[in-house]
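Working notes for the structure below.
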Number of protein chains: 2
Amino acid sequence: MTVKLYISANEVAERAGVSRSAVSRTFTPGASVSPETRRRVMEAADALGYHVNHLARGLMRNESGIVCLVVSEVATPYRSALLSMLTQKLQNAGKVAMLVNTDRSDGSVDRALKQAIRYRAEASIIMSGLPDKSITQLCLKNGQRLVLINRDDDQVGTLRINLDDYEAGSKIVTAFLRAGCRRLAFANSEAGTPSLMARGRGFIEAAKRLGLDVVVERYGWTGYEAGQVLARRLLTREERPDGVFCATDLLACGFMDTARREFSVVIPKQLCVAGFDNIEQAAWQSYDLTTFAQPVEDIATEAVRWLDAVPSHDIHRVQLHADLVWRSSIRGG
Amino acid sequence: MTVKLYISANEVAERAGVSRSAVSRTFTPGASVSPETRRRVMEAADALGYHVNHLARGLMRNESGIVCLVVSEVATPYRSALLSMLTQKLQNAGKVAMLVNTDRSDGSVDRALKQAIRYRAEASIIMSGLPDKSITQLCLKNGQRLVLINRDDDQVGTLRINLDDYEAGSKIVTAFLRAGCRRLAFANSEAGTPSLMARGRGFIEAAKRLGLDVVVERYGWTGYEAGQVLARRLLTREERPDGVFCATDLLACGFMDTARREFSVVIPKQLCVAGFDNIEQAAWQSYDLTTFAQPVEDIATEAVRWLDAVPSHDIHRVQLHADLVWRSSIRGG
DNA sequence: ATCGCCTTTGCAAGCGTGTGCAAATGCTGC
DNA sequence: GCAGCATTTGCACACGCTTGCAAAGGCGAT
């Protein structure tokens with residue numbers, strides 16, 4: 001019981017009393033159609049409920065208008081914020097977003113990405129740490145343009161968007177010092193993504209230049225629970241740190257909660273904390289966390305802008321700045 | 001400088017020394033190909049890096065494999081969790097997710113949805129409150145199947161997934177009573193979505209049956225800030241409530257923070273709080289919020305299952321149960 | 001060897017669109 | 001009225017794929 005569903009340009013043409021080409025041209029910006037013909041076509045199209053079939057158009061033009069977003073941990077505050085911004089900007093640019101979720105690495109990642117290739121996506125925006133080099137190469141080999149967000153792949157013909165993580169790391173040292181902290185620590189996850197590592201290096205090396213050692217502790221995945229575990233580890237040391245830089249706001253939230261509940265630490269009086277990402281929860285009163293803001297909107301803007309730029313075979317790099325957002329989790333300010 | 005990008009079935013056929021039909025059939029499950037031919041085709045396809053063009057396949061078969069997800073407030077914990085689950089299940093079902101973001105109601109909603117129609121999406125899953133009836137009708141008229149999550153449209157040929165919001169609302173009353181609360185309040189947003197309203201009705205009517213009045217306060221959008229405002233309104237009343245049901249976890253978080261900071265209220269000793277959604281933050285130690293869990297996985301499962309079911313012209317309804325998750329924001333338990 | 005049946009294969013039509021090309025049309029200036 | 005030009009229009013092919021149909025091939029039973 002297949003039902004007749006979509007209207008084709010043929011039917012519109014027939015109803016409008018013109019050729020099918022006229023219909024096609026009416027819906028192709030910049031094509032040559034007389035005002036009168038266009039009017040009649042539009043009238044017929046509206047009456048029939050005609051919508052250009054982008055599958056067919058993509059087939060002809062060899063450009064689908066589809067952009068593939070490869071994301072892991074979609075349900076995380078930072079990721080979902082970025083995703084939201086990206087889809088909005090893509091829509092405004094007349095593109096359409098195809099979402100590939102790379103959680104659950106049961107091979108479905110590879111499967112889903114291939115799926116995107118089959119739909120001839122024009123580009124992929126990868127904001128997941130997971131997909132390895134072989135997968136990005138798969139995209140490139142199939143002529144997709146590639147945007148890599150906070151990754152360190154070096155592939156020709158791609159756009160790499162990174163932050164000044166290193167500078168952020170070193171900048172927060174001076175903030176801790178001004179607050180009178182002397183025993184610094186860096187709380188990191190075991191996910192050694194380049195941006196996390198760079199934050200740590202910037203922090204550690206700036207501290208060393210000022211004659212301070214940094215205790216580094218790493219555990220688990222970059223989430224709330226990891227922050228709790230890291231707090232237990234760091235706060236049971238005989239030399240308890242008094243200034244902790246958490247690689248991520250989520251980590252920081254877990255850290256602060258456990259520091260208060262299990263160790264009765266008063267923040268920022270006895271312990272100063274900083275995070276990274278500026279997720280919405282960082283502004284919640286329970287945390288009021290000093291942190292670096294991911295320039296989510298700029299990232300999205302750059303990515304989408306590059307999609308419309310002329311392709312080239314260089315590596316295009318953009319480094320964006322993460323603003324320091326002062327809140328009360330560090331003394332002074 | 002257009003580059004030759006994708007491999008077509010023709011080239012594979014040529015290299016394998018078979019006809020193009022053979023290639024097509026090799027990649028069509030259930031088609032009749034001899035093992036030997038299949039082997040040779042696969043070999044050639046791998047060597048050349050061939051991927052079936054789904055634009056063309058969709059054109060022929062008149063089924064695109066694309067499912068359109070219409071979402072607003074993607075960056076919200078509950079929504080992003082649902083989105084993540086849905087994309088995973090869709091991928092496992094061999095479908096591909098197209099994301100339409102309906103924030104920023106500058107007409108881009110309509111534009112984006114039309115975009116999905118142009119790609120001949122097989123179905124749309126709507127988890128946004130925003131798109132009005134006319135838009136859902138647009139989808140239906142174009143032969144898309146429609147899944148409506150927590151909405152109250154009544155359209156033929158759709159699947160409606162709802163929760164037992166009303167029961168949840170009445171169930172939480174007994175929890176408050178057992179904790180000794182007598183002055184109940186319902187903190188709601190001004191977004192009068194059916195599920196929010198049903199929670200409130202269940203709460204209010206159950207309380208009335210037990211001889212208790214409920215103070216209802218509404219403000220703004222369903223977020224953290226609204227919770228703060230609602231706390232200020234409710235806690236400055238001469239009869240300060242001692243049991244507050246927040247329509248949403250986000251509301252509850254804002255409520256609790258402001259209750260503690262600005263009114264020095266001790267939870268749950270002086271004030272019991274409950275929420276709805278069971279977002280990740282509800283489990284954070286600062287809140288430890290008693291709440292009802294959105295059955296995210298079940299919702300996704302039902303939606304995807306229905307997509308594979310035989311179409312019918314009935315309204316198909318599924319009501320799922322929201323489990324009560326006991327935490328320490330209510331005394332006793 | 002012949003027949004009937006089942007599996008495999010190639011041919012060709014068709015899906016809905018874009019676009020080069022040539023023909024047709026309208027308009028301007030003589 | 002006609003030449004010259006710019007604009008508009010229709011024809012027909014192409015895009016990459018699926019699939020009905022008929023021909024071809026394989027194989028056992030007669």
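Each chain gets a letter, A, B and so on, in the order its sequence line appears, and its residues count up from 1.
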Check your understanding: Can B/Asn162 and B/Gln319 be counted as having a side-chain donor-acceptor contact under 3.5 angstrom?
Key -> no
Check your understanding: For A/Ser19 and D/dG10, is the shortest distance between a side-chain N/O and OP1 or OP2 below 4.0 Å?
Key -> yes
Check your understanding: So, does A/Arg20 use its side chain to make a donor-acceptor pair with the main chain of A/Asn10 at under 3.5 Å?
Key -> no
Revision key, fill the gap. Sorted by chain and number, sequence neighbours left out, side chain to side chain donor-acceptor pair (under 3.5 Å) with A/Glu43 holds for A/Arg39
Check your understanding: Rounded to whole angstrom units, what separation is found between the CZ atom of B/Arg118 and the P atom of C/dT17?
Key -> 12 Å
Review point. What parts of residues 31-39 of chain A reach DNA chain C, counting only heavy atoms under 4.0 Å away?
Key: none
Check your understanding: Are any non-hydrogen side-chain atoms of B/Asn150 and B/Met127 less than 4.5 angstrom apart?
Key -> no
Check your understanding: Does the side chain of B/Tyr50 get closer than 4.0 angstrom to OP1 or OP2 of D/dC17 through an N or O atom?
Key -> yes
Practice item. Measure from the side-chain N and O atoms of A/Ser72 to the backbone N and O of A/Asp103, and report whether any donor-acceptor pair falls under 3.5 Å. Key: no
Review point. On a plain distance test, is the side chain of A/Arg25 in donor-acceptor contact with the base of C/dT19 below 3.5 Å?
Key: no
Study note, to complete from the structure: Comparing nearest nucleotides in DNA chain C, the 5'-proximal residue of the pair B/Met60, A/Asn10 is B/Met60
Point to revise | B/Arg145 vs B/Trp306 side-chain heavy atoms within contact, under 4.5 Å | key: yes
Exercise for review: Check for a donor-acceptor pair, side chain of B/Thr87 on one end and backbone N or O of B/Leu83 on the other, with a separation under 3.5 Å.
Suggested key: yes
Study note, to complete from the structure: Whole-Å distance, A/Tyr6 OH to C/dT17 C1', equals 16 Å
Exercise for review: Give the rounded distance in Å between these two atoms: CD1 of A/Ile117 and P of D/dG16.
Suggested key: 17 Å
Revision key, fill the gap. Considering only heavy side-chain atoms of A/Val18, the closest of D/dG10, D/dC17, C/dG10 is D/dG10
Check your understanding: What nucleic acid atoms does B/Val23 come within less than 4.0 Å of, heavy atoms only: base, sugar-phosphate, or nothing?
Key -> nothing
**Study point:** Spacing of A/His54 atom NE2 relative to D/dG16 atom C1', expressed in whole Å
**Key:** 18 Å
Practice item. Starting at atom CG of B/Leu55, determine the distance to atom P of C/dG18, rounded to an integer number of angstrom. Key: 13 Å
Point to revise | Nearest-Å distance for atom pair CZ/P, residues A/Arg20 and C/dG18 | key: 8 Å
Check your understanding: Among the nucleotides C/dG16, C/dG10, D/dC17, which one has an atom lying closest to any side-chain atom of A/Ser8?
Key -> C/dG16
Review point. Is it true that atom CD of A/Glu14 has more than 12 heavy atoms of other residues, nucleotides or ligands lying nearer than 6.0 Å?
Key: no
Check your understanding: Donor-acceptor pair under 3.5 Å: do we get one between B/Ser21's side chain and the base of C/dC11?
Key -> yes
Review point. Can you check the B/Asn53 CG to D/dC15 P distance for me, whole Å?
Key: 12 Å
Exercise for review: Would you kindly give the NE2-to-P distance between A/His51 and C/dT17, to the nearest whole Å?
Suggested key: 12 Å
**Study point:** Side-chain N or O of A/Ser24 closer than 4.0 Å to phosphate OP1/OP2 of C/dG18
**Key:** yes
Exercise for review: Note down the inter-axis angle between the two ends of the helix from C/dA1-D/dT30 to C/dC30-D/dG1, five pairs each, to the nearest 10°.
Suggested key: 40°
